[in-house]
Amino acid sequence: MSAPFVAIVMGSDSDLPVMEASFDVLKKFGIPFEVRITSAHRTPAAAKAFVEDADKRGCAAFIAAAGMAAHLAGAVSATTVKPVIGVPMNASLDGLDALLSTVQMPAGIPVATVAIGKAGAKNAAYLAAQIIAVSDPALAEALREERADNARAIEDKNAALQAQLKG
């Protein structure tokens, strides 16, 4: 049995610079992933075929990034019962159109929606890692360690600030 992986779909190659933040997080935790550019509107058959194939091969979660009408995450969710994480992209209207169309899914076709843009891309990968970590104790521990490291970094910054203020 192969390791669980994350399938990332983007509606356009213009999403790539933002979505590379997802790649970085997944690489950091050693989580395999695949990436495709496919569109719910322009290549619906190809999008559906990719999701179905990834599903059969053991995909643990999908990340779907799209701007404007942003129906890619919904189209993915309609094709699988695996978790789908939508990343709204700032293609128009400051990304609010993509956010609303990603988050407002009909009952029974859920999409977990993260922030617009790069912060969302990172959080989508972290959420996918947490989903996989439910059945992977080593990954869960790595996630806990990173959170502890982040907390220590904030504490160190605060200590430096307090020392500077006492100066």
Side-chain angles (χ1 to χ4, degrees), residues 3-134 139 142-143 146-147 150 153-154:
F5 67 95
V6 175
I8 301 171
V9 293
M10 301 178 289
S12 170
D13 62 345
S14 64
D15 301 334
L16 183 59
V18 171
M19 292 310 295
E20 287 174 334
S22 286
F23 308 169
D24 294 342
V25 171
L26 294 171
K27 286 175 187 174
K28 180 188 331 183
F29 291 106
I31 298 170
F33 62 94
E34 297 178 359
V35 183
R36 294 290 185 282
I37 296 170
T38 189
S39 169
H41 300 103
R42 294 176 297 244
T43 59
K48 183 177 181 184
F50 173 69
V51 172
E52 289 173 341
D53 182 59
D55 215 355
K56 288 178 193 166
R57 291 184 293 110
C59 177
F62 291 86
I63 297 173
M68 301 183 81
H71 294 292
L72 184 56
V76 172
S77 186
T79 306
T80 182
V81 295
K82 301 285 175 61
V84 177
I85 305 158
V87 181
M89 303 302 287
N90 186 358
S92 64
L93 302 175
D94 292 328
L96 293 177
D97 56 334
L99 173 65
L100 292 173
S101 63
T102 304
V103 76
Q104 287 298 115
M105 291 299 300
I109 310 295
V111 171
T113 308
V114 293
I116 298 166
K118 192 169 273 192
K122 284 183 178 182
N123 277 340
Y126 279 109
L127 183 54
Q130 289 175 316
I131 289 165
I132 294 169
V134 167
L139 178 56
L143 287 163
E146 185 185 56
R147 286 211 182 166
N150 289 339
I154 294 297

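Positions are given from 1, in the same order as the sequence printed here. A quick note: this is a predicted structure, and the numbers were derived from the prediction, not measured.
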Original post:
Looking at CG of N123 and NZ of K118, how far apart are the two atoms once the value is rounded to the nearest 0.5 Å?
Top reply: 13.5 Å
**OP:** Could you check I63, D15, I8 and say which one makes a side chain to side chain contact (heavy atoms under 4.5 Å, CB included) with V87?
**Re:** I63
Original post:
Between G74 and M105, what is the shortest heavy-atom contact and its length?
Top reply: CA-CE, 3.4 Å
Subject >> For the student: nearest non-hydrogen atoms of I131 and A61, plus distance >> reply: CD1-CB, 4.4 Å
Original post:
Just wondering, more than 12 heavy atoms not from R57 lying within 6.0 Å of its CZ?
Top reply: yes
Subject >> Taking every non-hydrogen atom, the tightest pair across V18 and M89 >> reply: CB-CE, 3.4 Å
Original post:
Hey, does the side chain of S77 reach the backbone of A73 with a donor-acceptor pair shorter than 3.5 angstrom?
Top reply: no
**OP:** Grab the two heavy atoms, one from G86 and one from T102, that are nearest each other, plus how far apart they are.
**Re:** CA-CG2, 3.8 Å
Subject >> R42 side-chain N/O to G11 backbone N/O, donor-acceptor pair under 3.5 Å >> reply: yes
**OP:** Anything under 30° is parallel, anything over 60° is perpendicular, the rest tilted; go ahead and classify F62 against F50.
**Re:** perpendicular
**OP:** Taking S101 for its side chain and H71 for its backbone only, find out whether a donor-acceptor pair lies under 3.5 Å.
**Re:** no
Subject >> Working for side chain to side chain contact (heavy atoms under 4.5 Å, CB included), residues Y126 and L143 >> reply: CA-CA 8 Å; Y126 279 109; L143 287 163; 4.1 Å; yes
Original post:
Rounded to the nearest 0.5 Å, what separation is found between the CG atom of D55 and the OG1 atom of T80?
Top reply: 3.5 Å
Original post:
Where do V84 and V76 come nearest, in terms of heavy atoms and distance?
Top reply: CG2-CG1, 3.7 Å
Original post:
Run the side chain to side chain contact (heavy atoms under 4.5 Å, CB included) check on L96 and I116 step by step: do they pass?
Top reply: CA-CA 8 Å; L96 293 177; I116 298 166; 4.2 Å; yes
**OP:** Mind checking the CZ-CG spacing from R36 to D53? Nearest 0.5 Å is all I need.
**Re:** 8.5 Å
**OP:** Would you name the heavy atoms of V114 and L99 that are closest together and state the gap between them?
**Re:** O-CD1, 4.2 Å
Original post:
Can you check whether A121's main-chain N or O pairs, donor with acceptor, with S22's side chain at less than 3.5 Å?
Top reply: yes
Original post:
Within a radius of less than 6.0 Å around NZ of K122, do more than 12 heavy atoms belonging to other residues, nucleotides or ligands occur?
Top reply: no
**OP:** Measure the shortest side-chain to side-chain distance between I85 and V6 over non-hydrogen atoms and say whether it is less than 4.5 angstrom.
**Re:** no
Original post:
Can you tell me how far CG of L26 sits from CD of E34, rounded to the nearest 0.5 angstrom?
Top reply: 12.0 Å
Original post:
Measuring from L72:CG to I37:CD1, what's the distance to the nearest 0.5 Å?
Top reply: 11.5 Å
